[in-house]
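Note: hydrogens, waters and symmetry copies are ignored here, and every other heavy atom, side chains too, is used.
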Amino acid sequence: MVSLTMCIPLSAEPSVVFAKEQPAHSEVQAVAGASATLSCEVAQAQTEVTWYKDGKKLSSSSKVRVEATGRGRRLVVQQAGKADAGEYSCEAGGQKVSFRLDVTGQSWRRTLS
């Protein structure tokens, strides 16, 4: 009797870059003048990610701040304005998590006496 065993190499499986608990696409609302935070979680703490807005690579500046803490990755848009609205993505290892940022008008508060 001859038995055949199939071996599947581990490298054939795609590597998991992002944590599975998060949605692949998120809608984020921000109020004009406030900061907006987009965040994703990677599977390995050492994973480097690249942030994009409307297909253009972003880097830390006075307008946007890129943060990494443990497995969390965040993009903070300072004082969001209408020009900051758009499609953002956090990309690593050929995979990505996408965000749609909508910026609404100034908020106002009514004080009750």
Ala85 and Asp54 have their tightest heavy-atom pair at O-OD2, 4.4 Å
Q: Report the C-alpha separation of Val64 and Leu75 in whole Å, then their side-chain angles, then the decisive distance to 0.1 Å, and conclude whether the side chain to side chain contact (heavy atoms under 4.5 Å, CB included) test is met.
A: CA-CA 7 Å; Val64 295; Leu75 178 74; 4.1 Å; yes
Test of understanding: clusters of I, L, V, M, F, W, Y form through side-chain heavy atoms closer than 4.5 Å, transitively. Do Val66 and Val17 belong to the same one? yes
Here the ring-ring contact (aromatic ring centres under 6.0 Å, His included) pairs for residues 64-87, sequence neighbours left out, are none
Exactly one of Asp102, Leu101, Val103 clears side-chain contact (heavy atoms from CB on, under 4.5 Å) with Gln29, and that residue is Asp102
So the side chain to side chain donor-acceptor pair (under 3.5 Å) pairs with at least one residue in residues 37-49 (sequence neighbours excluded) are Glu41-Arg71
Of all heavy-atom pairs linking Gly70 and Arg73, the shortest is O-NH1, 2.8 Å
Across all chains, not counting sequence neighbours, the side chain to side chain donor-acceptor pair (under 3.5 Å) partners of Glu67 are Arg65, Arg74
In short, ring-ring contact (aromatic ring centres under 6.0 Å, His included) pairs touching residues 64-91 with sequence neighbours left out are none
Open item on the list: Assigning hydrophobic clusters by single linkage (Ile, Leu, Val, Met, Phe, Trp, Tyr; side-chain heavy-atom cutoff under 4.5 Å), is Val49 placed with Val28?
Closed with: yes
Applied to residues 75-84, the side chain to side chain donor-acceptor pair (under 3.5 Å) test, sequence neighbours excluded, yields Lys63-Asp84
Query raised in the report: Near Lys53 NZ, under 6.0 Å, is it more than 12 heavy atoms from other residues, nucleotides or ligands?
Result: yes
Here the ring-ring contact (aromatic ring centres under 6.0 Å, His included) pairs for residues 21-49, sequence neighbours left out, are none
query = Is Leu58 reachable from Tyr52 through a run of I, L, V, M, F, W or Y residues, each pair having side-chain heavy atoms under 4.5 Å apart?
reply = no
Sequence neighbours excluded, the answer for ring-ring contact (aromatic ring centres under 6.0 Å, His included) partners of Phe99 is Trp51
Hits for side chain to side chain donor-acceptor pair (under 3.5 Å) against Ser89, two or more places apart or cross-chain, chain-then-number order -> Glu91
